[in-house]
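Reading through the structure tokens given below for one structure.
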Number of protein chains: 2
Amino acid sequence: MSASDHESVPDPARLAAWRALLNAHAAAVGAIERDLATAGLAPLTWYDVLFALAEAPEGRLRLHELADRVVLSRSGLTRLVDRLEGAGLLFREACPTDRRGAYAVLSAEGKAILRRMWPAYARGIVAYFARYVSEEEAGALTAVLGRVAMGDTEALRDEAAARG
Amino acid sequence: MSASDHESVPDPARLAAWRALLNAHAAAVGAIERDLATAGLAPLTWYDVLFALAEAPEGRLRLHELADRVVLSRSGLTRLVDRLEGAGLLFREACPTDRRGAYAVLSAEGKAILRRMWPAYARGIVAYFARYVSEEEAGALTAVLGRVAMGDTEALRDEAAARG
DNA sequence: TTGCACTAATTGCTTATGCAACTAGTTCGG
DNA sequence: CCGAACTAGTTGCATAAGCAATTAGTGCAA
């Protein structure tokens, strides 16, 4: 490492991994998205939102929490929730303790759509991703990519800790 | 595995890996894209195209090849090339052996932009991705995700082989 | 209690992307 | 040589996503 680099340039191995991540994501997501559309089903982003709600207690989440989980900007989430609400898959509910806020609440129809989408989505995950990944590799991927996904949050916490 | 599953549902380990892939990609790409925009630089897709051209012999590639490399639809690529051509970073050139076709050719200014973007992009890759990945993990990621990225092509070849 | 800095969500605007349809050109069988 | 099937690239249309600005509400500090 030269003095001027400050570790700011990735080495070839990590760079190759980065390019592989971009290509794998684009190929797999693109293919799954196409299959879902062909089958007349909702797009992946809809599934992500409905799934996040289904996982949450009482099937409800504040909009900003939802934005974090599906990794979408606030404005993007507002409009995505608009579309889902228009389709009857969820509804907004005012937050009693904070009058600015709203919950997104999964509706019965939303749950039904979630169940209906899963088989097709699962087939896509297997056909375009899981098929190429061994059990051990899956564990490794989860560990590494989990750290990458947490990056933002972690960095913020680190900075806060350094400051405070 | 039940008889009706036909391996069409991913096991928990691979499913977790899939979700980690989605989240890691969204977080890292989003952060890098934001940093580039803040620095007044071109978006990632521009870099990808210019880079693909820079790698190709004579800095030129047929448009459909370019579409494959950057994993974009044909129409998407047409418009992306429009924007890059408008910015003077590349130009179209008619293909002498196929009058339907065109090359995208990297311009001198395109090369310059590519060089100018790299430091910022590299910093982003390190800060939001490489930082969380060890050398061995990088190798494993490249291998696994490389297979995933190749998926499409491979599947088509397999089918062709099975048919022929 | 009043004012100020902050957060939650939405909206206007701009840009990016895909599908389907189209034009143009190639290729191959008969 | 001719037409049918295919490929290259572009365009119309619809949709998705982000930033910046806006509205509304919270909470802390003097």
Side-chain angles (χ1 to χ4, degrees), chain A residues 25-27 29-49 60-87 90-105 156 160, chain B residues 25-27 29-49 60-87 90-105 156 160:
Chain A
H25 176 273
V29 168
I32 291 174
E33 206 77 86
R34 253 190 312 279
D35 286 357
L36 288 175
T38 300
L41 295 169
L44 227 48
T45 52
W46 287 35
Y47 188 91
D48 286 341
V49 167
R60 75 180 49 217
L61 232 34
R62 288 293 296 269
L63 295 190
H64 66 274
E65 294 178 302
L66 198 47
D68 286 349
R69 308 233 182 157
V70 302
V71 197
L72 211 63
S73 70
R74 292 290 176 80
S75 62
L77 187 87
T78 290
R79 273 177 289 226
L80 180 50
V81 166
D82 286 348
R83 294 192 290 274
L84 287 162
E85 192 170 30
L90 58 76
F91 50 94
R92 283 177 169 86
E93 204 175 83
C95 175
T97 65
D98 186 340
R99 268 182 293 186
R100 291 167 303 181
Y103 287 97
V105 188
L156 288 175
Chain B
H25 176 273
V29 169
I32 291 174
E33 206 76 85
R34 254 191 310 282
D35 287 357
L36 287 176
T38 300
L41 296 169
L44 226 48
T45 51
W46 287 34
Y47 188 90
D48 286 341
V49 167
R60 75 180 49 216
L61 231 34
R62 286 293 295 269
L63 295 190
H64 66 273
E65 294 178 303
L66 199 46
D68 285 349
R69 309 232 180 160
V70 301
V71 198
L72 211 62
S73 70
R74 292 286 175 83
S75 63
L77 186 88
T78 289
R79 262 143 344 197
L80 180 50
V81 166
D82 286 347
R83 295 193 288 276
L84 287 162
E85 191 169 29
L90 59 76
F91 52 92
R92 283 177 168 86
E93 205 175 84
C95 175
T97 65
D98 185 341
R99 267 181 296 186
R100 294 167 301 182
Y103 286 98
V105 189
L156 288 175

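A heavy-atom distance below 4.0 Å to DNA chain C is reached by these residues of residues 36-46 of chain B, ordered by number: B:Thr45.
Rounded to whole Å, the distance from CG on A:Asp68 to P on C:dT7 is 13 Å. In this structure, A:Asp82 places its CG atom 10 Å from C1' of C:dT11, rounding to the nearest Å. Counting to the nearest Å, the P atom of C:dA9 and the CZ atom of A:Arg62 are 5 Å from each other. The CG atom of A:Leu61 sits 13 Å away from the P atom of C:dA8 (whole-angstrom rounding). Between B:Leu72 atom CG and C:dA16 atom C1' the separation is 9 Å, expressed in whole Å. In this entry the distance linking CG of A:Leu63 with C1' of D:dG25 reads 15 Å, nearest Å. If you take OH of B:Tyr103 and P of D:dT10, they are 15 Å apart, rounded to a whole angstrom. In this entry the distance linking OH of B:Tyr47 with C1' of C:dA16 reads 21 Å, nearest Å.
In this structure A:Ser75 satisfies the side-chain contact (heavy atoms from CB on, under 4.5 Å) test together with A:Ser73, A:Arg79, sequence neighbours excluded. Evaluation of the side chain to side chain donor-acceptor pair (under 3.5 Å) rule for A:Arg69 yields no partner, not counting sequence neighbours.
Neither OP1 nor OP2 of D:dT7 sits under 4.0 Å from any side-chain N or O of B:His64. Proximity of A:Arg83 to the phosphate of D:dT15: no side-chain N or O atom is located under 4.0 Å from OP1 or OP2. Taking only side-chain nitrogens and oxygens, A:Arg92 never comes nearer than 4.0 Å to OP1 or OP2 of C:dA9.
Residue order along DNA chain D, read from the 5' end via each residue's closest nucleotide, puts A:Arg74 first among A:Arg74 and A:Thr97.
At a threshold of 4.5 Å between non-hydrogen side-chain atoms, the residues A:Leu77 and A:Leu63 count as touching. Within the 4.5 Å cutoff, no side-chain heavy atoms of A:Asp48 are placed close to those of A:Leu72.
Nearest heavy atoms, B:Ala26 versus A:Val71: CB-CG1, 3.6 Å. Counting all heavy atoms, side chain and backbone alike, A:Arg92 lies closest to A:Thr78 at NH2-O, 3.3 Å.
The one candidate from A:Val29, A:Asp35, A:Leu36 that meets the side chain to side chain contact (heavy atoms under 4.5 Å, CB included) condition with A:Ile32 is A:Leu36.
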When the side chains of residues 95-105 of chain B are checked against the rest of the protein, which donor-acceptor pairs come out under 3.5 Å, sequence neighbours left out?
unit_1, atom_1, unit_2, atom_2, d
B:Asp98, OD1, B:Arg100, N, 3.0
B:Asp98, OD1, B:Arg100, NE, 3.0
B:Asp98, OD2, B:Arg100, NE, 3.4
B:Asp98, OD2, B:Arg100, NH2, 2.7

Nucleotides 19-24 of chain D: protein proximity per nucleotide (B base, S sugar-phosphate only, - neither; heavy atom, under 4.0 Å): B----B
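Taking the screw axis at each terminus of the helix from C:dT1-D:dA30 to C:dG30-D:dC1 from five consecutive base pairs, the angle between the two is 20° to within rounding of 10 degrees.
B:Glu33 contributes a side-chain N or O that, together with a main-chain N or O of B:Leu44, makes up a donor-acceptor pair within less than 3.5 Å.
One finds the CG atom of A:Leu90 at 5.0 Å from the CG atom of A:Leu84 (value rounded to the nearest 0.5 Å).
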